[in-house]
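The figures here come from the full heavy-atom set of this structure, side chains too, leaving out hydrogens, waters and symmetry mates. Chain identifiers are assigned alphabetically (A, B, ...) following the order of the sequence lines, protein sequences preceding nucleic acid strands; residue numbering begins at 1 within each chain. This structure is a prediction, so every number in the text was calculated from the model and none was measured.
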2 protein chains.
Amino acid sequence: MKTSIATVCLSGTLRQKLRAASAAGFDGVEIFEQDLVVAPESPEQIRDYADKLGLSLDLYQPFRDAEGTAEPIFEDTLRRIEEKFSLMNRLGMDLMLIPSNAGTATVDDDSVVAAQLGRLADLAAGYGIRLAYEALAWGRFVNDFEHSWRLVEAADRDNLGICLDTFHILSRAWPTDSIPDIPGDKVFFLQLADAPLMSLDVLSWSRHFRVFPGEGGFELVDFMVKLLAGGYSGPLSLEIFNDSFRQTRVHRTAVDALRSLVWLQDQTARAMEASIGTDAVTTRAAARVGELTRLPGAAVPQGLTWAEVRGQETEQIEVLLMHLGFEHRGRHTSKPVQLWEQGEARVVINEEPGASDEPTMASLGFEVQHPAAAAAHATALKVPEVPRVTREGEQHFPAYLAPDGTEVFFCPPASDGGDRWIEEFSWPDHLDAATTDNPSLGEPLITGIDHVNLAQPKHHYPESVLFYRAALGLSVQPSQDVPGPNGLVSSQVVRNDAGSVRLPLNVAPDLRKDPDVEHVAFSCRDVVGLARRAQTSGLRFLRIPHNYYEDLRARFGLPEEKIRELEELDLLYDRDERGEFLHFYTQTVGSLFFEVVQRIDGYTGYGAPNAPVRMAAQYTHSL
Amino acid sequence: MKTSIATVCLSGTLRQKLRAASAAGFDGVEIFEQDLVVAPESPEQIRDYADKLGLSLDLYQPFRDAEGTAEPIFEDTLRRIEEKFSLMNRLGMDLMLIPSNAGTATVDDDSVVAAQLGRLADLAAGYGIRLAYEALAWGRFVNDFEHSWRLVEAADRDNLGICLDTFHILSRAWPTDSIPDIPGDKVFFLQLADAPLMSLDVLSWSRHFRVFPGEGGFELVDFMVKLLAGGYSGPLSLEIFNDSFRQTRVHRTAVDALRSLVWLQDQTARAMEASIGTDAVTTRAAARVGELTRLPGAAVPQGLTWAEVRGQETEQIEVLLMHLGFEHRGRHTSKPVQLWEQGEARVVINEEPGASDEPTMASLGFEVQHPAAAAAHATALKVPEVPRVTREGEQHFPAYLAPDGTEVFFCPPASDGGDRWIEEFSWPDHLDAATTDNPSLGEPLITGIDHVNLAQPKHHYPESVLFYRAALGLSVQPSQDVPGPNGLVSSQVVRNDAGSVRLPLNVAPDLRKDPDVEHVAFSCRDVVGLARRAQTSGLRFLRIPHNYYEDLRARFGLPEEKIRELEELDLLYDRDERGEFLHFYTQTVGSLFFEVVQRIDGYTGYGAPNAPVRMAAQYTHSL
């Protein structure tokens with residue numbers, strides 16, 4: 001379907017907004033009046049510029065406080081709106097948005113309001129203009145889309161229809177079952193917005209927290225199915241008021257925006273295909289599935305093949321891995337890269353000359369059934385590709401850049417040759433693998449990567465959520481706040497259903513000075529055993545204060561002996577309704593540290609109650 | 001009264017928090033359990049450290065999910081709490097906070113809950129500990145302070161009382177008339193919190209947006225009067241969960257915190273003195289006015305004596321002032337400072353060697369009746385003084401540093417010799433004042449300083465609000481958001497009642513790269529005349545786009561001729577229910593620009609609808 005975006009979603013000047021919308025691939029834009037008022041270009045210049053960019057000008061908006069006023073005020077409204085009609089003619093635009101009156105309305109009488117809407121439409125007709133009447137969630141007398149439709153039906157003018165805005169409908173939890181019954185050709189426009197579920201007044205919620213579809217908590221797929229069943233065939237347009245998007249770089253935001261509409265169309269098509277025949281509305285809507293943009297199909301990753309650390313000074317990382325019992329598999333044949341391995345946990349250390357001194361998280365290898373399909377999917381979502389040189393004979397993996405800066409690689413399963421790359425690592429001839437003997441080696445206790453915590457740039461967080469959901473097919477868990485000594489860290493996990501890929505995404509406080517820490521948590525079959533072995537070999541554990549263990553005893557009533565063992569090994573403990581969690585942290589190197597975790601009897605969390613202890617200990621250590 | 005602060009209000013380690021609370025002048029602290037759990041020091045070490053700092057440990061908090069559970073769970077609660085009692089003994093603490101159960105409560109039966117509270121108190125008595133039961137705003141069954149009091153009354157134990165938290169009471173708008181009737185000795189503790197008025201769920205509102213008294217919108221003075229009437233004589237304690245305070249520097253936050261309690265006590269005493277005899281509750285409370293910390297009395301400023309600009313490269317500022325018709329009064333006898341004057345508007349330009357190149361706003365001179373009293377008042381509020389060298393014979397003004405970096409000077413009225421400093425500016429002997437002839441000079445049209453916009457650091461904004469309210473006695477107007485091309489600017493005016501001192505405080509979006517702009521708006525008796533004269537003399541106006549004038553015509557229906565005159569002079573226009581507003585802006589120099597405004601027939605605003613036009617024009621100009 002045709003895509004559009006309101007200029008108010010984007011930062012910068014009107015020309016910059018138009019250019020970004022066009023570059024991202026939008027078909028059209030809504031002109032937000034204020035953006036035009038402050039622009040130095042004339043309406044004709046804007047029209048020509050949009051034309052040159054291949055953008056249609058879909059909706060002029062908003063014309064406020066139009067209806068429901070006493071006659072003398074309404075007469076001034078007619079004068080005001082006629083000036084705007086004439087402006088729209090100069091812009092070459094033919095559709096205007098009339099939000100329900102939230103300011104000056106005094107007449108709560110449907111017959112008066114319908115008559116006024118009719119008069120506005122008659123005046124508009126003289127300019128070849130159509131009006132889309134929209135129920136604002138906070139409209140004075142009209143705040144429900146069914147009410148706006150009754151008024152439009154009563155006014156009964158060809159050039160008068162309604163505009164549906166998902167925020168205004170879903171924020172107030174209006175039932176949407178009647179949507180398929182509104183004739184599609186009377187829905188003149190659709191504005192799509194998602195939003196996090198909050199209990200804020202709808203006006204503030206709308207003005208600051210709207211996000212693109214897939215970045216919040218609204219049931220937009222269900223809404224789309226109902227709308228399509230009703231026959232709507234206008235653009236899918238985004239009207240997002242968001243404090244971050246108003247600030248972030250306009251081209252990046254526009255790409256994020258378009259991605260959301262591509263994803264939403266694909267999700268809608270899939271939902272329809274999955275329930276055709278079982279539901280009358282879906283079946284009606286499904287006739288139009290061919291109009292929806294489709295994606296090749298997200299290949300949900302089945303596991304993490306590697307975590308890559310990059311930096312010039314990685315010796316301390318190597319020491320940590322050695323003490324955790326990792327085996328050094330050798331150096332890469334052509335690149336300044338080495339591989340450490342234990343069980344299914346692989347850490348690649350990249351010392352390429354361009355890297356910064358301090359080690360940082362660089363990439364994650366995701367095991368997917370069909371890497372080429374996953375790559376095509378990411379490309380269709382306009383995720384930027386990461387160029388990496390692959391020499392002849394070396395295994396190539398497609399790589400994409402996540403909004404948080406992580407490079408995401410798609411690797412086939414080992415059964416499909418996905419581990420061939422490991423053979424690219426070897427010891428130079430003059431060295432014997434035996435010389436790398438790791439005193440910490442014993443029976444491998446680490447079995448794989450349990451989860452990887454990724455630091456998120458605050459103003460791009462909604463983009464990250466959509467990325468992990470849309471490009472990787474991961475599901476998004478509820479977020480929580482973790483208090484640290486320098487502020488609250490907001491943490492939200494994205495994961496696959498099996499739990500074999502788990503990524504807690506962390507947004508740090510604004511004022512932090514240090515780089516955000518990230519970490520890899522290894523799963524372990526015997527954390528006590530490993531900690532004991534690592535203690536002997538000299539691992540630099542993150543030290544946990546004694547008070548923590550006293551509190552643990554009070555909270556859980558663990559036996560004294562158990563508490564003493566935990567404290568001796570700097571282990572942390574948690575419990576949920578299913579099972580127990582044992583874990584420890586290493587000290588931080590650069591902006592990285594490691595964690596080792598053991599889940600007992602199906603514990604599903606991440607030791608969140610212990611995260612403040614960890615952050616305080618890291619802070620104390622850094623003083 | 002005794003002052004206290006919960007450690008959760010402050011950033012850093014527990015020791016850092018204690019040190020900051022002590023340095024700011026608090027008498028005691030509440031120990032927030034998590035801060036102790038993550039601390040490397042033992043309870044005994046914390047006790048000794050607090051003792052060394054002269055801080056009492058007033059309240060151990062919180063012990064959650066204590067009451068209203070089934071018997072087996074309650075028995076584990078008794079075990080849990082006993083561990084904490086023993087910990088409190090080691091800390092030397094005797095008061096614990098029991099918030100009403102918001103998590104595990106299943107028993108909605110007052111007789112059961114009262115009995116459980118009684119058993120907890122009996123157990124506590126064995127450790128010499130008292131319990132303060134508090135109704136959380138989101139408690140499962142108990143969320144109203146009157147309910148918590150009924151339960152405590154029913155349990156009837158000497159060592160069981162209630163804790164009142166103004167957030168939990170005022171956020172839910174519980175009537176407070178019964179507070180004087182609760183025996184003061186059964187109110188074991190008072191937690192004071194202010195908050196901006198919001199329609200967010202109380203839990204999120206409480207966890208993120210609490211601020212110190214005087215920084216939000218709660219009626220805390222009224223609450224204090226009622227509480228004192230009831231006989232409360234415990235500490236005034238702050239428990240503020242705020243995303244910014246968790247990040248800002250601990251010493252600065254602690255001073256801000258103490259300032260709020262000093263101000264609140266003084267405001268409470270004043271309110272009582274003003275209505276003794278007229279109101280029974282106030283009269284009862286007033287008997288205790290002597291226990292309240294008092295302030296010398298804010299001398300509300302009657303006007304702005306000067307605005308000072310500082311920088312090495314100020315020539316362009318001088319050119320702007322010249323074109324606006326300012327007269328150069330000369331250079332200072334001993335400092336690298338010059339004075340420009342027109343009507344009552346004075347701009348001091350300070351080229352001191354330490355200043356940055358780009359000119360910035362440096363200070364404001366406030367005319368107050370008694371500068372020494374104003375200074376004593378600011379000192380009592382722990383506002384940092386600004387050291388300035390005053391030579392013999394030069395007029396000295398006390399100066400204080402506002403949280404936004406503005407230096408605030410207190411100057412006596414001209415009638416009291418407040419303009420003697422002007423005589424310190426003169427022309428060197430070899431120059432004649434006549435040589436400075438300003439071609440723009442005519443009849444002076446600028447009459448004074450209408451308002452000054454000050455940029456605010458986001459994370460210190462609550463501190464700024466309290467500063468202008470408490471140290472300068474200004475009142476705080478509702479805030480509004482202004483959309484700019486790089487994000488929303490939040491703007492809130494502080495002013496005196498007469499309107500002769502008006503300071504719009506602006507918080508810019510996070511991601512801005514340029515320094516925040518500030519500006520001085522001059523009042524003018526004839527903006528059209530001045531603009532015409534300035535246009536002739538070559539003033540660099542901020543250019544306003546033609547589209548703005550077309551929109552103006554649509555909005556206000558102004559005559560074509562008027563619109564043309566406005567556009568020709570780059571004038572902006574606004575109207576409110578009282579009158580009209582005409583204004584124009586100069587271009588920006590460094591982070592500064594000037595505005596000239598004319599208020600016609602009592603217009604009270606600041607041309608807010610035009611601010612987005614201004615910001616867009618400034619942005620376009622900067623590209």
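A cation-pi arrangement is present between B/Arg15 and B/Tyr49, with the terminal nitrogen or guanidinium carbon under 6.0 Å from the aromatic centre and inside a 45° cone about the axis.
Between A/Phe85 and A/Tyr127, the ring-plane angle classifies as tilted under the 30° and 60° cut-offs.
In this structure, chain A has heavy atoms under 4.5 Å from both the backbone and the side chain of B/Ala39. In this structure, no portion of B/Ile544 lies under 4.5 Å from any heavy atom of chain A. Using a 4.5 Å cut-off between heavy atoms, B/Arg90 touches chain A through its side chain atoms alone. Residue contact with chain A, scored on non-hydrogen atoms closer than 4.5 Å, involves the side chain of B/Tyr619 exclusively. The contact between B/Arg80 and chain A is made by backbone and side chain atoms together, counting heavy-atom distances below 4.5 Å. At a 4.5 Å heavy-atom cutoff, the contact between A/Glu83 and chain B is made by side-chain atoms alone. Heavy atoms of B/Phe245 lying under 4.5 Å from chain A are absent altogether. Proximity to chain A (any heavy atom under 4.5 Å) is shown, for B/His546, by neither the backbone nor the side chain. Using a 4.5 Å cut-off between heavy atoms, B/Glu82 makes no contact with chain A at all. Heavy atoms closer than 4.5 Å to chain A are found nowhere in B/Leu10, neither backbone nor side chain. If you measure heavy-atom distances from B/Asp481 to chain A, the contacts under 4.5 Å come from the side chain alone. For B/Lys84, the part lying near chain A is the side chain, with the backbone staying farther off; criterion is any non-hydrogen pair under 4.5 Å. If you measure heavy-atom distances from A/Leu87 to chain B, the contacts under 4.5 Å come from the side chain alone.
Without hydrogens or angle criteria, B/Arg172 side chain to B/Ala137 main chain gives a donor-acceptor distance under 3.5 Å.
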